[in-house]
Amino acid sequence: MNEYQGGPDQRHRRPEGVDDLTVEALGSLSKALETTERARGHLYSFHQLTGGADLELERAVRLLREAGHAGWAAKAEAEILGRDVIPGHWTFQIIEAYNDTYYRPFRELERSVVNALAQGRDHLYEAEMREARRALGRPGRTAGRPAADG
């Protein structure tokens with residue numbers, strides 16, 4: 001038998017002296033960071049979608065000129081193409097500011113709290129929820145990771 005059979009692996013076992021409320025607080029902190037990770041992903045989507053739109057607008061400007069609509073091409077080029085998405089910023093600068101101002105400090109805080117209060121063990125709340133819901137002997141509800149093939 002490997003270390004994962006018969007219960008949670010040591011990495012996800014609650015350290016001695018860690019109370020229920022602390023485990024719940026760490027779970028909430030983890031959930032907040034996960035939501036921040038998703039928000040950050042949406043910023044990257046915003047960045048890529050906006051950049052793609054700007055590149056397509058550049059194509060539209062070229063096609064408008066070729067089709068004899070130089071005035072509309074010039075207007076689109078002057079008013080929109082390459083424009084800041086907020087004053088003084090392109091999307092990459094928004095991502096950089098978010099990372100420096102919010103994301104990295106949050107990630108560092110979460111890691112410090114988990115290290116200080118749970119000996120660096122992640123996902124204690126989820127691991128304990130999994131154990132509580134696990135039904136031995138039923139498919140898809142194993143105690144831990146499956147044993148590696150020899």
Side-chain angles (χ1 to χ4, degrees), residues 2-65 72-136 138-148:
N2 68 28
E3 65 178 303
Y4 303 111
Q5 295 175 344
D9 59 281
Q10 189 61 33
R11 238 179 39 177
H12 296 107
R13 190 166 290 132
R14 181 191 298 212
E16 183 94 19
V18 176
D19 60 71
D20 290 345
L21 197 53
T22 299
V23 169
E24 187 175 350
L26 293 173
S28 186
L29 182 61
S30 175
K31 182 178 180 180
L33 180 59
E34 290 167 7
T35 302
T36 299
E37 294 280 2
R38 290 180 57 209
R40 185 171 178 249
H42 287 295
L43 277 178
Y44 278 93
S45 293
F46 167 69
H47 165 64
Q48 292 174 350
L49 289 168
T50 302
D54 199 62
L55 291 172
E56 191 63 27
L57 177 60
E58 185 175 44
R59 180 177 182 268
V61 166
R62 180 181 51 79
L63 292 171
L64 283 167
R65 275 201 181 94
W72 288 114
K75 183 171 180 61
E77 187 173 46
E79 293 183 14
I80 307 298
L81 188 65
R83 184 182 184 119
D84 292 348
V85 295
I86 60 172
H89 295 85
W90 271 26
T91 57
F92 74 90
Q93 293 166 303
I94 295 169
I95 291 170
E96 289 174 354
Y98 181 82
N99 284 341
D100 292 343
T101 305
Y102 191 79
Y103 173 72
R104 282 190 196 102
F106 192 169
R107 192 179 67 201
E108 290 166 6
L109 171 81
E110 188 269 348
R111 182 62 9 217
S112 295
V113 172
V114 171
N115 286 340
L117 300 180
Q119 298 175 8
R121 296 179 190 176
D122 291 312
H123 300 108
L124 296 178
Y125 185 81
E126 293 91 337
E128 291 184 7
M129 184 186 336
R130 181 176 190 248
E131 281 300 303
R133 292 183 180 185
R134 185 169 61 93
L136 291 173
R138 293 181 64 196
R141 293 170 184 87
T142 59
R145 296 183 212 160

Look only at the side chain of His47 and the backbone of Ser45, and say whether a donor-acceptor pair between them is shorter than 3.5 Å. no
Measuring from Met129:CE to Leu124:CG, what's the distance to the nearest 0.5 Å? 12.0 Å
Distance check, rounded to the nearest 0.5 Å: Glu34 atom CD versus Lys31 atom NZ? 9.0 Å
Which label fits His123 and His12: parallel for a plane angle under 30°, tilted from 30 to 60°, or perpendicular past 60°? tilted
Asp19 side chain vs Thr22 backbone, donor-acceptor pair below 3.5 Å: yes
Any chance you could measure Thr101, atom OG1, to Phe106, atom CZ, to the nearest 0.5 Å? 14.5 Å
Please answer whether the main-chain N or O of Glu24 pairs with a side-chain N or O of Ser28 as donor and acceptor at a distance below 3.5 Å. no
Quick check: closest heavy atoms across Asp54 and Ile80, and the distance to 0.1 Å? OD1-O, 4.0 Å
Smallest separation among heavy atoms of Gly27 and Tyr125, with atom names: CA-CB, 3.8 Å
Return the minimal non-hydrogen interatomic distance between Leu117 and Val18, and the atom names on each side. O-CG2, 3.3 Å
Does the side-chain contact (heavy atoms from CB on, under 4.5 Å) test come out yes or no for Arg65 and Arg62, once each step is laid out? CA-CA 5 Å; Arg65 275 201 181 94; Arg62 180 181 51 79; 5.8 Å; no
Gap separating the CG atom of Leu26 from the CG atom of Leu21, nearest 0.5 angstrom: 10.0 Å
Tell me whether Trp90 contacts the main-chain N or O of Gly51 through its side chain, where contact means a donor paired with an acceptor under 3.5 Å. no
Scan for salt bridge (Lys or Arg N to Asp or Glu O under 4.0 Å) pairs involving residues 97-111, sequence neighbours excluded, and state none if there are none. Asp100-Arg104, Arg111-Asp122
Partners passing side chain to side chain donor-acceptor pair (under 3.5 Å) against Asn115 (at least two apart in sequence or in another chain): none
Nearest 0.5 angstrom please: Leu55 CG to Leu81 CG, how far? 9.0 Å
Give the minimum heavy-atom separation between Ala76 and Leu57, together with the two atoms involved. CB-CD1, 4.2 Å
Thr50/Phe92 under side-chain contact (heavy atoms from CB on, under 4.5 Å): CA gap, chis, key distance, verdict: CA-CA 10 Å; Thr50 302; Phe92 74 90; over 6 Å; no
Hits for side chain to side chain donor-acceptor pair (under 3.5 Å) against Gln93, two or more places apart or cross-chain, chain-then-number order -> none
Which atom names give the shortest non-hydrogen contact between Ala118 and Pro15, and what distance separates them? O-CG, 3.5 Å
Kindly compute the distance separating CZ (Arg38) from CZ (Arg40), expressed to the nearest 0.5 Å. 15.0 Å
